[in-house]
Amino acid sequence: MSDILPANPAQRAARIEFHQLFNWFASAERDLPWRAGDVTPWQILVSEFMLQQTPVARVLPIWPDWVARWPTPSATAAASQADVLRAWGKLGYPRRAKRLHECATVIARDFADVVPDDVDVLQQLPGIGSYTARAVASFAYRQAVPVVDTNVRRVVARAVHGQPDPGAPSTKRDLADVEALLPNADQAPRFSAALMELGAIVCTARSPRCDGCPLRHSCSWRLAGSPPGTGPKRPAQRYAGTDRQVRGRLLDVLRDNAVAVTRADLDLAWPADAVQRERALTSLLGDGLVEQLADGRFALPGQDRNDSTASR
DNA sequence: TAGGCGTGGAG
DNA sequence: TCTCCAAGCCT
């Protein structure tokens, strides 16, 4: 059927076997709750925030409770930052939670509580970059825009370009690559979802399951004999002992305490290195993820100061 | 544009 | 144990 070929005949040279891909997706698609039919654009946006650099398995237990508690931008905006940061829990990169809250505030205030459907408008919102803007436009609003995440980049690198791994990210080139593959309007969102799914569960970074790949007969990388990659692009990002770990420890203390804590409480979270601890705390204050009260204690921003020593 | 930013599971 | 990596964004 021509309707699932690339819209431009010249682009058909790009070797993605659409029928195979769609057929595979029809049976292999994971039953993820944010893909259900009654999910709103805002709730899809929430899932995209959570999925930024965080595996599906970790988002799965958080998202349903979150969207039940705060179903709309205005409901989210009405919550305190402290409540949002606690609900975010240990998903990681808590700045995302703060930006999600800011994003909700802007949408409630400036967009009548309706998530914008324009990629360029979306991308101006806090915490929304190229990928997230396009994911919302495509998955929530069914637009035929390219959606490029790390999975798509990897699948295209292999299936189309015959490379074991994607090159350095280049938004412009990556978008052009996927644009050239995109089927016509109706099929585009499902195509993007299928490509991402393929990258997530078959064409994986570490040990691709090529035997079960719907593109195995046309994949350029496969046809080239699956030459090995050259290792990670970005040098191993260590975690143990870094400021990020210290920030995580400090924030963990604050999440666990309903009342403001003292500096001594924070010292216990990272006793070994006072200099590093102070640096981490300063950066958290700078990021607006922690605030210091007039009495010197520390709390999550907007937290109730329901403590005996609080003057009021 | 390179590097900072959490966390934990898999190999 | 240790390394890699997971639906990125921001400066």
Side-chain angles (χ1 to χ4, degrees), chain A residues 29-30 32-35 44-63 85 88-100 102-103 122-140 146-155 165-174 178 189 192-201 203-209 229-255 269-270 276 279-280 282-284 286-290:
Chain A
E29 179 180 7
R30 291 170 295 179
L32 303 175
W34 44 87
R35 287 177 177 163
I44 289 174
L45 179 53
V46 171
S47 77
E48 296 298 346
F49 264 89
M50 292 182 173
L51 289 162
Q52 290 169 1
Q53 292 284 283
T54 300
V56 166
R58 305 237 316 273
V59 173
L60 235 25
I62 304 289
W63 180 86
L85 285 168
W88 194 260
K90 309 198 79 168
L91 271 185
Y93 292 141
R95 295 197 293 198
R96 290 181 296 163
K98 181 177 172 56
R99 289 175 185 146
L100 177 57
E102 293 166 359
C103 186
L122 283 163
Q123 209 168 332
Q124 298 304 312
L125 299 173
I128 298 187
S130 175
Y131 163 74
T132 302
R134 292 164 179 284
V136 169
S138 179
F139 303 142
V147 180
V148 182
D149 74 335
T150 186
N151 291 307
V152 170
R153 279 170 30 78
R154 187 172 52 248
V155 171
D165 299 297
S170 158
T171 303
K172 195 164 182 174
R173 180 171 47 72
D174 294 341
V178 177
S192 293
L195 221 48
M196 288 172 61
E197 193 80 336
L198 188 66
I201 65 183
C203 193
T204 54
R206 200 86 71 101
S207 307
R209 301 164 173 80
T230 54
K233 190 87 176 83
R234 280 164 81 150
Q237 71 163 333
R238 299 213 158 58
Y239 180 62
T242 63
D243 286 6
R244 292 159 69 193
Q245 185 182 24
V246 183
R247 285 166 55 104
R249 291 283 179 85
L250 297 178
L251 221 42
D252 206 26
V253 171
L254 294 167
R255 277 194 302 259
W270 195 262
Q276 188 181 32
R279 188 170 62 233
T282 298
S283 73
L284 286 170
D287 285 346
L289 291 170
V290 175

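Letters go in sequence order (proteins before strands), and every chain restarts at 1. Just so it is clear, the values below take in all heavy atoms, side chains as well, and ignore hydrogens, waters and symmetry mates.
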Report summary line: Looking only at dC5(B), dG8(B), dG6(B), the nucleotide nearest the R95(A) side chain is dC5(B)
Query - Whole angstrom value for the distance that separates P of dG3(B) from CG of D243(A) - result: 16 Å
Query raised in the report: Base, sugar-phosphate, or nothing for R255(A), non-hydrogen atoms under 4.0 angstrom?
Result: sugar-phosphate
Report summary line: Rounded to whole Å, the CZ-P distance (R154(A) to dC4(C)) equals 16 Å
Query raised in the report: Tell me: CZ of R96(A) to P of dC5(B), nearest whole Å?
Result: 15 Å
Report task. Whole angstrom is fine here: how far is it from CG in D287(A) over to C1' in dG6(B)? Result -> 13 Å
Report summary line: Here the distance between atom C1' of dT3(C) and atom OH of Y239(A), to the nearest Å, is 16 Å
Could you go through nucleotides 9-11 of chain B and list every protein N or O atom that sits under 3.5 Å from one of its N or O atoms, giving the distance for each pair?
none

Query raised in the report: Base, sugar-phosphate, or nothing for S283(A), non-hydrogen atoms under 4.0 angstrom?
Result: nothing
Requested in this report: Can you tell me the distance, in whole Å, between the CZ atom of R244(A) and the P atom of dC9(C)?
Outcome: 16 Å
Query raised in the report: Once you round to the nearest 0.5 Å, how far does CH2 of W34(A) lie from CG of L51(A)?
Result: 5.0 Å
Query raised in the report: Distance between the P atoms of dG3(B) and dC4(C), in whole angstroms?
Result: 16 Å
Query raised in the report: Does D149(A) have any side-chain hydrogen bond (donor to acceptor under 3.5 Å, both in side chains) partners at least two apart in sequence or in another chain, and if so, which?
Result: N151(A)
Query raised in the report: Expressed in whole Å, how much space separates the C1' atoms belonging to dG6(B) and dC5(C)?
Result: 13 Å
Query raised in the report: Is a side-chain donor-acceptor pair under 3.5 Å present for S192(A) with R134(A)?
Result: no
Query - Residue list, side-chain hydrogen bond (donor to acceptor under 3.5 Å, both in side chains) with R244(A), at least two apart or on another chain - result: Y93(A), Q237(A)
Report task. Give one of base, sugar-phosphate or nothing for A205(A), where a contact means two heavy atoms less than 4.0 Å apart. Result -> sugar-phosphate
Requested in this report: Using atom OH of Y93(A) as one end and atom P of dT11(C) as the other, report the distance to the nearest whole Å.
Outcome: 16 Å
Query raised in the report: With respect to the phosphate group of dC9(C), does any side-chain polar atom (N or O) of T132(A) fall under 4.0 Å of OP1 or OP2?
Result: yes
**Report entry** Spacing of the P atoms in dA7(C) and dG11(B) (rounded, Å)
**Finding:** 14 Å
**Report entry** C1' gap between dC9(C) and dT1(B), integer Å
**Finding:** 14 Å
Requested in this report: Mind calculating the distance between CD (E29(A)) and C1' (dA7(C)) to the nearest angstrom?
Outcome: 14 Å
Report summary line: The residue, L51(A) or R99(A), whose nearest nucleotide of DNA chain C is more 5′ is L51(A)
Query - T54(A) (side chain) and dG6(B) (base): donor-acceptor pair under 3.5 Å - result: yes
Query raised in the report: Do Q52(A) and Y131(A) have a side chain donor and acceptor closer than 3.5 Å?
Result: no
Query raised in the report: What pairs with R30(A) under side-chain hydrogen bond (donor to acceptor under 3.5 Å, both in side chains), at least two apart in sequence or on another chain?
Result: E197(A)
Query - Residues D252(A) and R255(A) bridged, charged N to O under 4.0 Å - result: yes
Query raised in the report: Among all residues two or more places apart in sequence or in another chain, which pass the side-chain hydrogen bond (donor to acceptor under 3.5 Å, both in side chains) test with R99(A)?
Result: none
Report task. Indicate, with a heavy-atom threshold strictly under 4.0 Å, whether L91(A) touches base, sugar-phosphate, or nothing. Result -> base
Report task. Identify whether any heavy atom of W88(A) sits under 4.0 Å from a base atom; if not, whether one sits that close to sugar-phosphate; answer base, sugar-phosphate or nothing. Result -> nothing
Query raised in the report: Taking only side-chain nitrogens and oxygens of Y131(A), does any of them come within less than 4.0 Å of OP1 or OP2 of dA7(C)?
Result: no
Report task. Name all residues meeting the ring pair (Phe, Tyr, Trp, His ring centres under 6.0 Å) criterion together with W270(A); count only those two or more places apart in sequence or in a different chain, and write none if there are none. Result -> none
Query raised in the report: At under 4.0 Å between heavy atoms, what does I44(A) touch on the DNA or RNA strands: base, sugar-phosphate, or nothing?
Result: nothing
Query raised in the report: Out of dG8(B), dC5(B), dC9(C), which has the shortest distance to the side chain of Q52(A)?
Result: dC9(C)
Report task. May I ask you to say what R153(A) touches in the nucleic acid, namely base, sugar-phosphate or nothing, with a heavy-atom cut-off under 4.0 Å? Result -> nothing
